[in-house]
Amino acid sequence: MESKKKLWQGFALFMAAMLIMTYVSRMVWVSRMPRVRWSSPMSASIHNKVSAEGTVEVTGTQAVIGLEGLLVEKVCVMAGDRMEAGTVLYEVNTEDLLAQLSELEAQEEAWQKQEESKRLDAAADVIRAQEDYDTTVIELDRKIAEETKKREELMEDLDTHMFRIPEEDAADEIWIAWADERLRFDREIAQKKRMIEDMQLEKEKVLRQADRELEDAKRARSAAQSGLELGASGVSQVRERQERIALLTELSRNGGRVEAKNAGDILEVMIQSGMRMGADAVLRYADDTGSRIFRTVISQEQKGMVHTGDTVRLMFPGSAEEAGETIDSIVQENGGYTVTIRLEPGVALGRTEGVMELNATSEIYDFVVPVKALHNDGGNAVYVLEEKAGILGTELCVRSMTVRLLEQNEEYAAIADELLSGDMKIVTECDQELENGMVVKEWE
């Protein structure tokens, strides 16, 4: 008996030791496990700050930008000439000018008619949707009212029938007929009640659909009225056409003559009679006011975020001065893009260097993650946190997913993949180097 007791005690001690060793082993294994933090993709825009260093030139040189596509009839100045405000610099062919203007006006008129037709159609759709909605309400209410009236008539008939109860000594056949008639009334009244309830449910369903169709029609009307259906590129094309029509109209009123706005000296003429102008400068001149020009070079990647007419912030090293200026031109030169900004009088006096900054905001992307979530695995990829069944129960592991990088800044990246979803757990931080399929734990 004593030996059995010792045997059991030894077995118990062995099992306890095994349990402790298993616990310690798991703790050691878990403690060495990579720790990760995660976040889910979000819908957001990517904000980029374009920054470029440049020079301030006190040259007084200004450019006259050509009216792209117009035929030059006559060049009225040459390098070295003196010009005053109102001096005719060059003339364009008026026939060519009027032909282009007529074509653009025809396009604009056709577009305006098309947009007006869209607005009228959208407005008519709203009216029809409202009429359909009202008609549906009236018709359903009529049917419900009819069935309700029939049910009330049946109930009145039942009340009348109940007053016609047979005499106590009436034959059984009379009592049976009276009872059958009463049951018939009860069944028909119950059927009418269910029918009315079903019709009311159907009314709610039909009205919800009619209400959605009415709201869709109203949204379509609002989009047609505001031009939202054109999209950003469409709006830009319309604006560019309207601006060119305004420029050509003004030039036509001036007989095709382009005049100087300021006094100065002609430095360079880049056009000649018989040529069609491009989008670049056609001549340069030195302004009497001694204007200053800021020039910088941006990369191909930055070019997509910087446009002529954008307002930028200029800062000047060693000075607290800042200025908001407008980009005058962007010209491709030597593998880059030269940005030219004509400064307002009094800006950057005594300065030779400057920094241009521009905040650019992208479209709204569906899936945006922190840049630190990206890793290179034969391409742009992210680690997705998933659960799997392991020896010790449910475990967390990471799966590498290759994605397309759409746009990024220093903090966030917009990515795309047909398998992405908003509820995925994307690993953003880890205290160890990760590998595909590695078991991890959440960073507390």
Side-chain angles (χ1 to χ4, degrees), residues 3-51 299 301-302 304-305 359-444:
S3 61
K4 283 186 176 181
K5 183 177 181 180
K6 289 182 178 180
L7 182 61
W8 279 105
Q9 287 176 344
F11 179 71
L13 289 173
F14 172 75
M15 293 303 294
M18 289 297 292
L19 181 62
I20 293 172
M21 291 177 65
T22 300
Y23 177 76
V24 171
S25 297
R26 178 171 175 79
M27 291 298 293
V28 171
W29 180 68
V30 171
S31 67
R32 294 178 178 177
M33 190 182 296
R35 297 180 299 170
V36 298
R37 290 192 175 100
W38 61 272
S39 66
S40 296
M42 59 182 178
S43 297
S45 298
I46 298 295
H47 302 279
N48 278 297
K49 177 179 287 187
V50 178
S51 181
S299 65
E301 293 75 17
Q302 292 173 319
M305 297 179 281
N359 293 318
T361 301
S362 74
E363 62 182 279
I364 296 178
Y365 294 106
D366 291 330
F367 302 106
V368 175
V369 298
V371 167
K372 56 187 177 182
L374 297 175
H375 69 92
N376 196 303
D377 187 17
N380 290 307
V382 296
Y383 281 116
V384 179
L385 196 61
E386 298 178 333
E387 291 184 351
K388 72 173 184 177
I391 298 176
L392 300 177
T394 301
E395 299 174 340
L396 290 176
C397 68
V398 293
R399 174 171 61 88
S400 181
M401 174 185 284
T402 301
V403 295
R404 284 191 299 112
L405 181 61
L406 302 177
E407 188 174 344
Q408 73 177 82
N409 58 20
E410 295 179 356
E411 297 182 8
Y412 295 98
I415 58 177
D417 188 274
E418 62 274 7
L419 299 179
L420 278 171
S421 64
D423 57 357
M424 279 186 168
K425 297 179 179 180
I426 307 297
V427 175
T428 57
E429 291 185 61
C430 183
D431 62 353
Q432 298 182 35
E433 189 72 23
L434 290 178
E435 294 181 3
N436 192 32
M438 183 176 286
V439 178
V440 298
K441 64 180 180 180
E442 289 197 57
W443 202 328
E444 299 295 338

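Nothing fancy with the numbering, it's 1 onward along the sequence.
Scanning all heavy atoms of the two residues, the minimum distance from Pro34 to Leu434 falls at CB-CD2, 4.0 Å. The nearest pair of heavy atoms linking Thr361 to Ser45 is CG2-CB, 3.7 Å. Of all heavy-atom pairs between Ser51 and Gln302, the closest is O-NE2, 3.8 Å. Heavy-atom minimum distance, Asn359 versus Lys49: OD1-CE, 3.4 Å. The two residues Leu420 and Phe367 make their nearest non-hydrogen contact at O-CZ, 3.7 Å. Among all heavy-atom pairs drawn from Leu374 and Val382, the shortest one is CD2-CG1, 3.8 Å.
Side-chain atoms of Glu386 and Leu396, non-hydrogen and from C-beta on, never get closer than 4.5 Å to each other. No side-chain heavy atom of Asn436 sits under 4.5 Å from any side-chain heavy atom of Val398. Using a 4.5 Å heavy-atom threshold, the side chains of Glu442 and Trp38 count as touching.
Note that the CG atom of Asn380 and the CZ atom of Arg404 stand 11.0 Å from one another [nearest 0.5 Å]. With rounding to the nearest 0.5 Å, the separation of CD in Glu395 from NZ in Lys441 is 13.0 Å. Distance CE/Met42 to CG/Asp366: 12.5 Å, rounded to 0.5 Å.
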Can you give each donor-acceptor pair under 3.5 Å made by side-chain atoms of residues 421-430, sequence neighbours left out, with the distance rounded to 0.1 Å?
from	atom 1	to	atom 2	distance (Å)
Ser421	OG	Asp423	OD1	2.6
Thr428	OG1	Arg37	O	3.2
Glu429	OE2	Lys372	NZ	3.4

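Around CG of Leu405, the count of heavy atoms belonging to other residues, nucleotides or ligands within 6.0 Å exceeds 12.
When the side chain to side chain donor-acceptor pair (under 3.5 Å) test is applied to Glu407, the partners found at least two apart in sequence or on another chain are Asn48, Tyr365.
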### Task
Kindly determine whether Gln432 and Val440 satisfy side-chain contact (heavy atoms from CB on, under 4.5 Å), including the steps that lead there.
CA-CA 10 Å; Gln432 298 182 35; Val440 298; over 6 Å; no

